[in-house]
Amino acid sequence: RGDLALNIAAGVSRISQVRLLEIHKPSLEAAREAASRLSQEAQAKIVLEESNVETLAAALPPGPGGGAAVPARTVLVGLHACGGLTDAMLCCARRHATPFLVCACCFLKHPQLRTGCFEETQEPAAKCDGDGGTVFDEEDWVKLRKLADLSDPHEKTTELQQGAMHAVAAMRLARFGGAEWRLRLLSFPREWSPRNLVVMGFPVPSS
């Protein structure tokens with residue numbers, strides 16, 4: 001419904017434009033209706049588009065390797081970006097050296113988006129420890145995402161689900177690597193949502 005985009009436009013005065021790409025037409029119409037109730041100043045910032053992830057990279061200004069640098073104030077933001085949509089957003093962030101703030105959700109959805117829109121695979125780094133690494137093949141990666149999608153409220157299940165979510169997030173961030181990025185894994189209260197982890201990163205300017 002565009003709630004996050006509309007709140008950013010209305011609540012962050014320093015932002016000059018908020019561009020919402022929405023694949024679900026009813027959600028886009030709900031966002032347009034909600035935007036009409038905002039102040040004129042907030043409405044002037046908002047660009048609402050019926051789109052899909054295939055246009056995400058094209059929506060960004062050309063980055064390193066593709067022309068002029070992305071403006072420093074361009075930020076990719078995603079709230080409950082389902083499954084492969086998170087991977088596609090992080091791929092765009094890497095390719096365009098664009099800061100990002102993404103809350104993932106529904107880890108098994110849209111698996112085609114990890115490979116369907118870009119040349120490189122969207123699977124996170126295979127090695128997940130510092131002692132030579134434990135290699136995750138595709139079957140193991142699917143199992144890990146299934147654990148991250150658990151919803152049983154039992155305490156032990158919740159602990160397992162949280163651990164799997166942390167592992168998936170850490171493996172996604174591991175693809176950035178090196179000293180070119182500052183990366184963080186954040187969280188918000190589970191009372192708001194059980195999918196409460198947020199990956200954040202921004203490129204470090206070269207000296």
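The figures here come from the full heavy-atom set of this structure, side chains too, leaving out hydrogens, waters and symmetry mates.
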Peer 1: To the nearest 0.5 angstrom, please state how far the CD atom of E29 sits from the CG atom of L48.
Peer 2: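 Reported value, rounded in 0.5 Å steps: 9.5 Å.
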Peer 1: Would a single hydrophobic cluster contain both M89 and V198, if residues Ile, Leu, Val, Met, Phe, Trp and Tyr are joined by side-chain heavy-atom contacts under 4.5 Å?
Peer 2: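 No, it is not one cluster - the side chains of V198 and M89 are not joined through contacts under 4.5 Å.
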Peer 1: Would you give the length of the straight line joining atom CZ of R172 to atom SG of C91, rounded to the nearest 0.5 angstrom?
Peer 2: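 Going from the CZ atom of R172 to the SG atom of C91 covers 12.5 Å.
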Peer 1: How about L183 and V199: do any of their side-chain heavy atoms sit closer than 4.5 Å?
Peer 2: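 Not in contact.
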Peer 1: Is there a path of hydrophobic side-chain contacts, each under 4.5 Å between heavy atoms, that joins L186 and W192?
Peer 2: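 In one cluster: yes.
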Peer 1: Using a 3.5 Å distance criterion without hydrogens, assess whether the side chain of N196 forms a donor-acceptor pair with backbone atoms of S187.
Peer 2: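 Such a contact is absent between N196 side chain and S187 backbone.
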Peer 1: Would you name the heavy atoms of A148 and F107 that are closest together and state the gap between them?
Peer 2: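 Of all heavy-atom pairs spanning A148 and F107, the closest is CB-CD1, 3.5 Å.
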Peer 1: Look up atom CG in L85 and atom NZ in K109, then write down how far apart they are to the nearest 0.5 Å.
Peer 2: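 With rounding to 0.5 Å, CG (L85) is 11.5 Å from NZ (K109).
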Peer 1: Are F176 and F202 close enough that their ring centres sit under 6.0 Å apart?
Peer 2: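 No - the distance between ring centres of F176 and F202 does not fall below the 6.0 Å cut-off.
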Peer 1: Could you give me the CA-CA distance, side-chain angles and deciding distance for D87 and R175, then say whether salt bridge (charged side-chain N to carboxylate O under 4.0 Å, His left out) is met?
Peer 2: CA-CA 10 Å; D87 296 297; R175 290 188 64 86; over 6 Å; no
Peer 1: Is any side-chain heavy atom of Q161 closer than 4.5 Å to one of L147?
Peer 2: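 Side-chain contact under 4.5 Å: no.
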Peer 1: Going by heavy atoms in the side chains, are R19 and L21 under 4.5 Å from each other?
Peer 2: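 Contact flag for R19/L21 side chains = yes.
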